[in-house]
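Residues take their numbers from the sequence shown, with the count starting at 1. Just follow the structure's listing: the first ligand is 1, and inside any ligand the first atom is 1. Every value quoted in this text rests on a predicted model; they were computed, and no experiment measured them.
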Amino acid sequence: MLGIEYPIILAGMGVTAGPTLAAAVSNAGGLGVMGVLNLEPEEIREWIRRIKTLTDKPFGVNTVLPMGMPAGINAETLRAMIPQEVKAFAEKLAAEWGVPAASEGPPGLELTDDVRRKQLEVILEERVPVLASGMGDPSEYVNEAHARGMKVVAVCGNVKQARRIAEGGTDIIVAQGYDGGGHTGKIGTMALIPQVVDAVRPTPVVAAGGIGDGRGLVAALALGAVGVWMGTAFCATHEAAADTIDMARISPEEIDFWKQKLVEASDSDVILTRVITGKPMHVVRNKFVETWEKEGPACLFMPLQSMAIDELTRGIREARMTELTCATLSGQAVGLVKEITPAEEVLNNALDGAATVMEDMFQRTVNAGG
Ligand SMILES: Cc1cc2nc3c(=O)[nH]c(=O)nc-3n(C[C@H](O)[C@H](O)[C@H](O)COP(=O)(O)O)c2cc1C
């Protein structure tokens, strides 16, 4: 359906999965999906044009369509809704940690309803091979995407969502279990996948959340999935975040620090927090998140929470205070990430690992049969 060789999809990851990483995965026979949620609509167009220069294989573009986002409210009105208590806490942290004021430049992209609609328009106009929605229900865009020859993939975290999205005509459902990196639902991967497979049949299901190597790939296939959507496993690759560094959005030091942190982290270093976006998200524990969780005010809804911490996080980033960065998104499979490698190696290792597991199982069956 996707025109790819191997059933491995690079998960869409804002900041991390740009044209360079996505093209590396597509060129290696998987499907590279770019994460564009933090980009202005015209920057998305540039990334789409750039990836076309790096690969002639299919690729995808992922943004989010979160539910419960306030519609028809502009960024200024939203900003005025940030409670004084929250602003005061961010200022207190800045003073305690010695974070300088962020530059006068524009705030980070404010993901209002209007912005995400414009993002979607560009993705549709550019007729990318695959539109991948990371959160929410893409049903209202399915007909238009199909008319433009595009496939639609959507991530969901429970059976009810999966059923609704499949009924809306989405081509492939990605069922992501709790274990996954970034935003995540409440149901564990092992329990979720077969239930979604049964609920949406004949729509194909791709498994996500905690799949870090060939063993996870075989397990996903055993649970009835047709492939895997892997995020964390591709985060400590040479290509990860390369394009965001090129755009001077993030420093090479911060990215190197983060990749190293992933290599060193183990399963229990991953914590769930609403501090970054207002929705539950898995990150590697870090001072920013832990301090806010322990001492800070209740988190706001999306996108208000990220707007409330924007000034502080930009100040941290501009001052290159990497120890304080909160951009350490990761899933529970992070303990399987052992070194920083080319993306192609992650994909090939998963395929080789899967082949070994299946040969072993076959051998054991033959031996048991005498
Ligand atoms: C660093 C990072 C950034 C992410 N950014 C996004 C994003 O921008 N949009 C989105 O829909 N999902 C995002 N996710 C979630 C992934 O698309 C994917 O669902 C998840 O990583 C799968 O679980 P795994 O990390 O255990 O492989 C992100 C995940 C990580 C680790």
Considering only heavy atoms, which of [options] lies nearest to [atom]?
{"atom": "atom 7 (C) of ligand 1", "options": "Gly331, Gly14, Ala11", "value": "Gly14"}
{"atom": "atom 9 (N) of ligand 1", "options": "Val337, Asn62, Leu37", "value": "Asn62"}
{"atom": "atom 20 (C) of ligand 1", "options": "Ala208, Cys235, Gly180, Gly181", "value": "Gly181"}

Test your reading of the structure: does [X] have an N or O sitting under 3.5 Å from an N or O of ligand 1?
{"X": "Gln176", "answer": "yes"}
{"X": "Gly210", "answer": "yes"}
{"X": "Gly231", "answer": "yes"}
{"X": "Thr63", "answer": "no"}
{"X": "His183", "answer": "no"}

Subset of ligand 1 atoms that lie under 4.0 Å from at least one heavy atom of Gly12: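 By the 4.0 Å cutoff, the relevant atoms are 5 (N), 6 (C), 7 (C), 9 (N), 10 (C), 12 (N), 13 (C), 14 (N), 16 (C), 17 (O).
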Gly134 neighbourhood, listing ligand 1 atoms whose heavy-atom distance to it stays under 4.0 Å: 11 (O)
Donor-acceptor side-chain pairing of His282 and Asp179 below 3.5 angstrom: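 No.
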Candidate pair Glu254 and Thr325, rule side-chain hydrogen bond (donor to acceptor under 3.5 Å, both in side chains), full reasoning: CA-CA 8 Å; Glu254 183 171 339; Thr325 182; 2.6 Å; yes
Mutual orientation of the aromatic rings belonging to Trp97 and Phe288 [parallel < 30°, tilted 30-60°, perpendicular > 60°]: tilted
